[in-house]
Colleague: 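Here it is: the structure, laid out below.
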Number of protein chains: 2
Amino acid sequence: MTTHSHPPRAAVSPDLVREAALDLFARQGYHGTAMSEIAAALGIRTPSLYNHMQSKQQLLAEIIDGTTRAVWADYEAAITGHADVTSRLHAAAEVYALRHATHPREAVIVNRDVSSLAEPLRTEVRTLRRRHERAIRRLIQEGCTDGSFSVTEPALASFGILELCVSIAHWFRPDGRLSAEQVAAHYAEFAVRIACDGHER
Amino acid sequence: MTTHSHPPRAAVSPDLVREAALDLFARQGYHGTAMSEIAAALGIRTPSLYNHMQSKQQLLAEIIDGTTRAVWADYEAAITGHADVTSRLHAAAEVYALRHATHPREAVIVNRDVSSLAEPLRTEVRTLRRRHERAIRRLIQEGCTDGSFSVTEPALASFGILELCVSIAHWFRPDGRLSAEQVAAHYAEFAVRIACDGHER
DNA sequence: CCTACCGATCGGTAGG
DNA sequence: CCTACCGATCGGTAGG
């Protein structure tokens, strides 16, 4: 007999709550999502949520903090072992693009709702993102120095390359014609094209 | 004497309300902004706002609808009179980039809060934006046919080029080192680079 | 996991 | 332009 103990319905866990929040925050925004909607998505009442989480703000903090740290770890892992600067920029863009294709909901939330994050985390996240941007910028400057790239304003190129990759999160669907890896490869190529001057070759 | 009639304080108008809403929606998001904050920014009480506007939703609708229509009008004006496809893509990207530098708050709201728009306007706005993307895509396809461009996936390039320009709204400051026109010129160059293959020249 | 309920705040209206 | 106030909903707690 399987019905003599606790019924199997519900069975909510912290991970399931985070998953439901991820879905709703991405679709409706942090301020646009009510805790009652997260509860409804899980088939429970709102107060029951608080057995699995601390607060709405904490849910947002975990999503954004985890994603931001993972992006930086991705970057550091990606650029090691590449001799030339073109390969490093290609790898940095590819791994960033890939994350936005494989984790589009996290990416949308990071970019839309970071302003809803409480201090001091908001500042920490912005600092880490700035570090990433400056790393890309230095890569571009390095390539301009050794003749690999040709960019008049490296800051504009680094902003552009990063946002180019971010944009994938707004349209990519895993069941689409192209895989996440294929899309990431194409966008890495776009990133290198932005840094190179096609007319000079 | 200038104090015998209505005191000059306040003097709120529909345009001032829209301006205050533009500022707060851009900084905090539509759902993250309370009508009381808009009123406080204007130095009046919340109910007084309703002498100058219909509803919070109507404020959002006017901002997004007006911006979306202007973007399409920009595009149509920009591409006329250019003989070759490279010039047309350059002009289309430049005018789109320029709008995001000169109207960053409107751009941020369009991109972040379109999902908060009530139907049928939400669908209308999305249709108009899709038309713009398809026009850019056709431009790229045309350039691939006549040998001006080299892109394996024109849809990926059109998405990327548009989002590249959108990203300007997230960092551009009118008092910065580069003018809106200078930034737009650089990003138009990036757009053309994305479409061209630098390694083949 | 639930019901019952908290104070706060929301967008908006009545009426002057 | 204001005060006074509406019903609805918010995130979260008490207590079981």
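In what follows, every chain begins at residue 1, and chains take the letters A, B, ... in the order their sequences are listed. Predicted model, so just to flag it, every value in this text is computed and none were measured.
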Colleague: For A:R177, is there an ion pair with B:E153 - N to carboxylate O distance below 4.0 angstrom?
Modeller: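 Between A:R177 and B:E153 there is a salt bridge, with a charged N closer than 4.0 Å to a carboxylate O.
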Colleague: Just need the stems in DNA chain D: three or more back-to-back Watson-Crick or G-U pairs, each with both distances under 3.5 angstrom, sorted by first number.
Modeller: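 When the pairs of DNA chain D are grouped into runs of at least three, the stems are C:1-16 with D:1-16.
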Colleague: Would A:R138 and A:E142 pass as an ion pair if we require N to O under 4.0 Å?
Modeller: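 Salt bridge flag = no for A:E142 with A:R138.
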Colleague: Would you indicate whether the side-chain heavy atoms of A:Y187 and B:F159 approach each other to under 4.5 Å?
Modeller: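 Sidechains of A:Y187 and B:F159: in contact.
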Colleague: Give me each pair satisfying ring-ring contact (aromatic ring centres under 6.0 Å, His included) with a member in residues 121-146 of chain A, each pair once, sequence neighbours excluded.
Modeller: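 Qualifying pairs: A:Y75-A:H132, A:Y96-A:H132.
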Colleague: How many Å lie between CG on A:L42 and P on C:dC1, as a whole number?
Modeller: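 Going from CG in A:L42 over to P in C:dC1 covers 9 Å.
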Colleague: Is A:R126 paired with A:E133 through a side-chain N to carboxylate O contact shorter than 4.0 Å?
Modeller: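 Judged by the 4.0 Å cut-off on N to carboxylate O distance, A:E133 and A:R126 do not form a salt bridge.
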Colleague: Between A:L60 and A:K56, is there a side-chain heavy-atom distance shorter than 4.5 Å?
Modeller: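 No. Closest side-chain heavy atoms not under 4.5 Å.
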Colleague: Is there side-chain contact between A:I63 and A:D113, with at least one heavy-atom pair below 4.5 Å?
Modeller: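 They are not in side-chain contact.
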Colleague: Can you give one letter per nucleotide of nucleotides 9-16 of chain D, going 5' to 3': B for a protein heavy atom under 4.0 Å from the base, S for sugar-phosphate only, - for none?
Modeller: -SSBB---
Colleague: If you define the side chain from C-beta out and look only at heavy atoms, does anything of A:V85 sit under 4.5 Å from A:R88?
Modeller: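 Answer yes - side chains close enough.
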Colleague: Between A:R45 and C:dT3, does any side-chain N or O lie under 4.0 Å from OP1 or OP2?
Modeller: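 So the side-chain polar atoms of A:R45 do come within 4.0 Å of the phosphate oxygens OP1 or OP2 of C:dT3, strictly under.
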